[in-house]
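One-based numbering along the sequence shown. Model, not experiment: these values are computed from the prediction.
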Amino acid sequence: MDDYESVLLVKPEVFVYRIPPRSSNRGYRAADWNLGAPDWTGRMRLVNKKDECIIKLEDKVSGELFAKCPIDKYPGVAIEAVTDSSRYFVLRIQDEGGRSAFIGVGFGDRSDSFDLNVALQDHFKWVKKEEEAEKEKEEGKPNLDLGFKDGQTIKINMKITKKEGQEATNRPKPKAGAGGLLPPPPGGVKLAPPPAPAATSKIGSASNVDILGDLSNASASSDSQSAAAGGGESWGDFASAPPKPTPASNPPSGGSGSGWVTF
């Protein structure tokens, strides 16, 4: 279990540079390195072993260890970003005897350096949470007694309201009246019954007499005027006309002059 390693990140290509000593406290600059001619090229693995976080630089083919960089915190002295680029860092490498040196490392793609930053930040956030959990476990938390004491009661105010539709469901259904019609609601307005048929006929005949009264008087006066003009007899002109002669059914034979009868 002591030799177990968990791999946090692997990058297949990383460039290593010899760097000059820092001239001031302003930080390292990648422009001072010979970026076009790296001194070594290999792969990088970020691993977690027990309580240590280590960057290992290894050969691409054989996996032989070239250098390692133990990291106790981030950001810190063990790994430091340069001031003029986001793709290059300065690592503090150590050997088995405890000797240390500073080298420059860089990536060909900016996304590789971003992944390294995220992996280191996530790891040390996890380490911080583990330390806080261990500290709380050692100190211990006071146990909270949430049980009821003797004679202690609790009062709960509950407001119960009817659900929507419950009142309509509990209301009794009305019974159907004669002919399948529902009875009128209580307290409704009652309509007057229709008039009787006799009253309707009397009103109709009286109104007809009133409306046709003028027309009957006018027709009677016109008949009396026409009778006076004809001498008191409406058919006088037709009676004075002469009667038409009746033709003989058998004309006399041997009449004088012709066989035609004069009408």
Side-chain angles (χ1 to χ4, degrees), residues 1-35 38-142:
M1 292 295 294
D2 294 342
D3 297 332
Y4 177 77
E5 290 182 350
S6 61
V7 180
L8 305 178
L9 181 69
V10 176
K11 290 299 176 182
E13 187 175 52
V14 63
F15 308 107
V16 176
Y17 305 90
R18 290 190 178 95
I19 60 175
R22 182 185 300 186
S23 59
S24 64
N25 294 330
R26 293 182 300 177
Y28 294 97
R29 296 178 68 253
D32 298 335
W33 311 342
N34 188 9
L35 300 179
D39 296 295
W40 184 83
T41 302
R43 73 179 181 187
M44 173 186 286
R45 286 197 310 136
L46 178 66
V47 299
N48 180 29
K49 185 178 180 180
K50 291 195 289 189
D51 296 334
E52 293 182 342
C53 182
I54 304 173
I55 292 179
K56 291 185 176 183
L57 303 178
E58 302 172 341
D59 186 79
K60 291 182 180 181
V61 179
S62 62
E64 182 182 358
L65 180 65
F66 173 76
K68 65 178 182 179
C69 171
I71 304 173
D72 54 353
K73 64 179 181 178
Y74 181 78
V77 180
I79 177 170
E80 182 180 353
V82 299
T83 59
D84 58 345
S85 177
S86 61
R87 294 187 292 118
Y88 297 91
F89 303 87
V90 175
L91 300 183
R92 185 187 63 182
I93 59 176
Q94 293 181 350
D95 60 3
E96 298 297 335
R99 294 178 299 176
S100 62
F102 291 92
I103 60 173
V105 297
F107 300 97
D109 194 347
R110 187 171 285 104
S111 62
D112 294 335
S113 61
F114 176 80
D115 294 342
L116 178 61
N117 278 317
V118 172
L120 289 171
Q121 290 174 3
D122 292 344
H123 170 72
F124 284 101
K125 285 181 181 178
W126 174 79
V127 171
K128 185 178 180 180
K129 290 181 179 179
E130 289 292 324
E131 291 176 354
E132 292 176 354
E134 290 293 333
K135 186 177 180 180
E136 291 178 357
K137 187 183 295 185
E138 292 176 359
E139 293 178 354
K141 292 184 178 180

Taking atom [atom1] of [X] and atom [atom2] of [Y], what is their separation to the nearest 0.5 Å?
X	Y	atom1	atom2	value
Arg99	Ile93	CZ	CD1	10.5 Å
Ser86	Asn117	OG	CG	8.5 Å
Glu130	Glu132	CD	CD	10.0 Å
His123	Leu120	NE2	CG	8.0 Å
Glu80	Phe89	CD	CZ	11.0 Å
Arg43	Glu58	CZ	CD	4.5 Å

Using every non-hydrogen atom in the two residues, find where [X] and [Y] come nearest and quote the distance to one decimal.
X	Y	result
Ile19	Phe102	CG1-O, 3.7 Å
Ala31	Asp84	N-OD2, 3.0 Å
Cys53	Leu46	SG-CD1, 3.5 Å
Phe15	Gly108	CE1-N, 3.8 Å
Asp72	Phe124	O-CE2, 3.1 Å
Phe107	Glu13	CD2-O, 3.8 Å

Taking the side chain as everything from C-beta on, heavy atoms only, tell me whether Val82 gets closer than 4.5 Å to Arg29.
no
Partner of Arg45 under side chain to side chain contact (heavy atoms under 4.5 Å, CB included), picked from Ile54, Leu9, Val7, is Val7
With a 4.0 Å cut-off, would you call Lys68 and Glu52 a salt bridge?
no
Using side-chain contact (heavy atoms from CB on, under 4.5 Å), reason through Ile55 and Val105 one step at a time and then give a plain yes or no.
CA-CA 11 Å; Ile55 292 179; Val105 297; over 6 Å; no
Check against side-chain contact (heavy atoms from CB on, under 4.5 Å), Lys60 and Thr41
CA-CA 8 Å; Lys60 291 182 180 181; Thr41 302; 3.9 Å; yes
Verdict with supporting geometry, Leu116 and Ile79, side-chain contact (heavy atoms from CB on, under 4.5 Å):
CA-CA 11 Å; Leu116 178 61; Ile79 177 170; 4.0 Å; yes
Can you tell me how the ring of Tyr88 sits relative to the ring of Trp33, calling it parallel under 30°, perpendicular over 60° and tilted otherwise?
perpendicular
Checking Leu35 against Tyr17 for the side-chain contact (heavy atoms from CB on, under 4.5 Å) test, could you report, in this order, the C-alpha distance in whole Å, the side-chain angles of both residues, the deciding distance, and whether it holds?
CA-CA 8 Å; Leu35 300 179; Tyr17 305 90; 4.1 Å; yes
Verify the distance criterion only: is there a donor paired with an acceptor across the side chains of Ser100 and Arg92 at less than 3.5 Å?
no
